[in-house]
Amino acid sequence: MKNILVTGGAGFIGSNFILYMLKNHRDIRLVNLDLLTYAGNLENLRSVEGDGRHIFVQGDIGAQALVAELFEKYDIDSVVHFAAESHVDRSIEDPGVFAQTNVLGTLNLLGCARAAWENADGSWREGVKFIQVGTDEVYGSLGATGFFTEETPLDPHSPYSASKAAADLFVAAWHDTYGLPACITRCSNNYGPYQFPEKLIPLMIHNACNRQALPVYGDGLNVRDWLYVEDHCRAIDLVLQKGTPGEVYNVGGHNERTNITIVREIIALVHDKVDPAVDERLIRYVADRKGHDRRYGIDPEKIGRELGWRPLVPFEKGIEMTVDWYLQNADWLRDVTSGAYLDYYDKMYSGR
Ligand code: NAD
Ligand code: TYD
């Protein structure tokens with residue numbers, strides 16, 4: 001039996017990971033520590049309500065006494081650390097909370113893991129592991145060619161990516177200084193069910209379904225490398241099981257698209273599936289994001305070679321499944337957009 005502390009398990013990728021793990025493993029207990037910020041939603045986990053292998057705890061990863069208690073009470077032997085402030089636009093507006101959660105929160109988890117797992121002689125308890133779920137954004141921005149490898153120097157630009165790079169470096173320091181068995185994954189942009197509609201794909205689906213303007217930053221030609229969320233979850237599970245401590249694994253599926261291409265694909269799907277009135281006249285080119293990274297592209301060769309991972313969901317299939325999911329889960333979309341998100345949306349997009 002593995003006892004895994006999953007942080008941020010009510011968010012987009014964290015909740016998909018919990019659903020994936022419960023479906024694919026019998027002998028596990030997942031302790032899900034999530035503060036339930038605007039981005040966390042227990043509705044994401046409704047389908048596993050009553051499954052005794054999932055225990056939800058509402059709380060802050062930065063709360064030392066709480067995290068120490070969870071390690072002890074549930075005999076935690078692995079940590080999969082998703083919890084973060086994750087939206088670049090918010091980090092530009094309000095960077096402080098990104099340092100608080102992403103850097104200091106991670107530091108607290110590391111301190112608690114060490115207190116629980118390090119033996120008196122400096123060795124570590126058998127079988128323990130800490131997975132830091134990182135992002136390719138820590139590598140900065142690419143030109144027209146080339147890919148991010150695990151050796152690419154860190155060069156973060158936004159407050160979000162700076163905070164994630166700092167967290168990665170603390171995890172690496174815990175491995176190098178104290179010997180914590182830790183791996184870092186760095187994944188490209190995810191899409192799929194349960195993503196909060198502030199990120200590009202769910203925002204465009206939400207707005208298109210409501211015949212609202214589709215705000216495209218700058219010239220729309222920035223490139224992101226998209227991966228279906230379940231493929232990411234499978235990669236994390238593999239790194240948890242077989243990843244070599246001290247190693248970084250980049251995760252991506254060679255699926256680069258410009259933003260405007262993505263927006264056009266979503267318009268076409270919504271047009272064909274539900275509303276023939278939705279068309280490209282909804283597109284609005286708006287002011288560019290400050291410090292907007294031009295291109296991300298992952299080289300996933302290492303995780304393929306060492307752990308046998310490869311993506312299973314092609315983009316054309318994944319984007320259609322995602323649009324279908326949002327169309328079938330209009331209640332979810334309505335609920336998560338009824339509170340804090342709307343204030344934020346009004347502030348960010350009013351007048352555009
Ligand atoms: P998300 O914003 O959807 O979810 C974050 C979750 O963390 C929420 O449930 C929130 O309530 C929780 N949380 C926030 N602050 C907390 C705190 N102080 N204590 C406990 N819980 C807290 O984010 P996501 O898109 O699911 O991303 C998860 C992780 O994956 C992040 O670390 C992110 O940097 C990383 N990542 C995301 C992507 C992507 O495309 N979304 C790509 C690569 C890596
Ligand atoms: P986002 O989903 O915020 O992910 P990230 O910035 O972490 O890659 O944005 C993806 C891309 O889409 C990014 O280049 C910014 C752009 N974008 C828009 O053009 N309009 C929008 O409304 C949003 C949210 C993003």
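Indexing begins at 1, ligand by ligand and atom by atom, following the structure's order.
- Considering backbone and side-chain atoms together, D60 places an N or O closer than 3.5 Å to an N or O of ligand 1.
- Between W174 and Y178, the angle of the ring planes goes over 60°, which puts this pair in the perpendicular group of the 30/60° scheme.
- Here L203 has side-chain heavy atoms under 4.0 Å from ligand 2, and that is the only part of it that gets that close.
- For atom 3 (O) of ligand 2, the candidate residues are E198, R289, R257; the nearest heavy-atom contact is made by R289.
- In terms of polar-atom proximity, defined here as any N/O pair under 3.5 Å, N189 makes no such contact with ligand 1.
- By heavy-atom distance, the residue among Y194, Y160, F82 lying nearest atom 34 (O) of ligand 1 is Y160.
- Between T7 and ligand 1 there is no heavy-atom distance shorter than 4.0 Å.
- If you number the atoms of ligand 2 from 1 as listed, the ones under 4.0 Å from a heavy atom of E137 come out as 5 (P), 7 (O), 8 (O).
- Annotation: G134 places no N or O atom under 3.5 Å from an N or O atom of ligand 1; distance criterion only.
- Applying the 4.0 Å criterion to heavy atoms of G40 picks out, from ligand 1, the atoms 8 (C), 9 (O), 11 (O).
- Where the criterion is an N or O separation shorter than 3.5 Å, residue side chain and backbone included, K199 fails it with respect to ligand 2.
- In terms of N/O distances under 3.5 Å, ligand 2 is approached by Y217.
- Counting the atoms of ligand 2 from 1 in the order shown, those under 4.0 Å from a heavy atom of P215 are 18 (C), 19 (O), 20 (N), 21 (C), 22 (O).
- When each atom of ligand 1 is checked for a heavy atom of V133 under 4.0 Å away, the hits are 30 (O), 32 (O).
- For ligand 2, the polar-atom distance check finds an N/O of L200 within less than 3.5 Å of one of the ligand's N/O atoms.
- Between Q241 and D237, the side chains place a donor N or O and an acceptor N or O closer than 3.5 Å (distance only, hydrogens not considered).
- What sits closest to atom 32 (O) of ligand 1 on the protein, heavy atoms only, is K164 NZ, 2.6 Å.
- In this structure, the protein non-hydrogen atom closest to atom 19 (N) of ligand 1 is I61 N, 3.0 Å.
- In this structure, R224 forms a cation-pi arrangement with Y296, its terminal cationic atom sitting closer than 6.0 Å to the ring centre and no more than 45° off the ring axis.
- For F71 and W117, the distance between ring centers is under 6.0 angstrom.
- The shortest N or O to N or O distance between T37 and ligand 1 is under 3.5 Å.
- Counting only non-hydrogen atoms, the option in G59, A84, G8 that gets closest to atom 5 (C) of ligand 1 is A84.
- Judged purely by distance below 3.5 Å, without hydrogens or angles, the side chains of H157 and S141 never pair a donor atom with an acceptor atom.
- Residue I61 forms a side chain to side chain contact (heavy atoms under 4.5 Å, CB included) with just one option from N108, L33, D34, and that option is L33.
- For the pair R90 and Y38, the cation-pi test (distance below 6.0 Å, angle within 45°) is passed.
- Among V97, D34, L109, the residue whose heavy atom lies nearest to atom 9 (O) of ligand 1 is D34.
- The protein heavy-atom contact nearest to atom 3 (O) of ligand 1 is F12 N, 3.0 Å.
- Every N/O-N/O distance between V216 and ligand 2 stays at or above 3.5 Å.
- For ligand 1, none of its N or O atoms has an N or O atom of T135 under 3.5 Å away.
- Taking any N or O of G11, backbone or side chain, at least one lies under 3.5 Å from an N or O belonging to ligand 1.
- In this pair, F82 and F17 present their aromatic rings tilted. The plane angle is within the 30 to 60° band.
- Linking ILVMFWY residues whenever their side-chain heavy atoms come closer than 4.5 Å, directly or via other members, places Y20 and I13 in the same cluster.
- Side chains of R186 and Y139: a donor on one and an acceptor on the other come within 3.5 Å.
- Nearest to atom 43 (C) of ligand 1 among the protein's heavy atoms is C187 O, 3.4 Å.
- For ligand 1, the polar-atom distance check against N190 finds a nitrogen or oxygen pair separated by under 3.5 Å.
- A cation-pi arrangement, defined by a distance under 6.0 Å to the six-membered ring centre and an angle within 45 degrees of its axis, is absent between K199 and F12.
- Side-chain contact of N44 with W332: a donor-acceptor pair under 3.5 Å is present, judged by distance alone.
- For ligand 1 and A10, the ligand atoms under 4.0 Å from any heavy atom of the residue are 9 (O).
- Y191 and N255 share no side-chain donor-acceptor pair at under 3.5 Å.
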Applying side chain to side chain contact (heavy atoms under 4.5 Å, CB included), run through T322 and I205 and close with a yes or a no.
CA-CA 9 Å; T322 303; I205 298 172; 4.1 Å; yes
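- At a 3.5 angstrom cut-off on N or O pairs, D89 does not count as close to ligand 2.
- Residue I201 does not touch ligand 2, judged by heavy-atom distances below 4.0 Å.
- Less than 4.0 angstrom separates some heavy atom of T101 from each of these atoms of ligand 1: 15 (N), 16 (C), 18 (N).
- Residue Y296 has no nitrogen or oxygen atom sitting less than 3.5 Å from a nitrogen or oxygen atom of ligand 2, judged on distance alone.
- When hydrogens are left out, the protein atom nearest atom 23 (O) of ligand 1 is S86 OG, 3.2 Å; that is the closest non-hydrogen contact.
- On a distance-only criterion, R224 and ligand 2 share at least one N/O pair closer than 3.5 Å.
- Residues D168 and Q132 bring a donor and an acceptor atom of their side chains to less than 3.5 Å of each other.
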Does E320 form a salt bridge (charged side-chain N to carboxylate O under 4.0 Å, His left out) with K273? I'd like the steps, not just the answer.
CA-CA 10 Å; E320 183 163 6; K273 283 174 185 288; 2.8 Å; yes
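- F147 carries R295 over the face of its six-membered ring, with the cationic atom under 6.0 Å from the centre and within 45° of the normal.
- The distance from ligand 1 to the heavy atoms of L36 drops below 4.0 Å at these ligand atoms: 11 (O).
- Below 3.5 Å of separation, one finds no N or O of G62 facing any N or O of ligand 1.
- The single protein non-hydrogen atom nearest to atom 42 (C) of ligand 1 is S188 O, 3.4 Å, given as residue, atom name and distance.
- Rounding to the nearest 0.5 Å gives a distance of 8.5 Å between CG of N41 and CZ of F196.
- Nearest residue to atom 16 (C) of ligand 2 from N259, V88, V286 is N259 (criterion: closest heavy atom).
- Listed by atom number, the atoms of ligand 2 under 4.0 Å from H87 heavy atoms are 3 (O).
- Between L35 and ligand 1, a contact under 3.5 Å exists for at least one N or O pair.
- The protein heavy atom nearest to atom 27 (O) of ligand 1 is I13 CD1, 3.8 Å.
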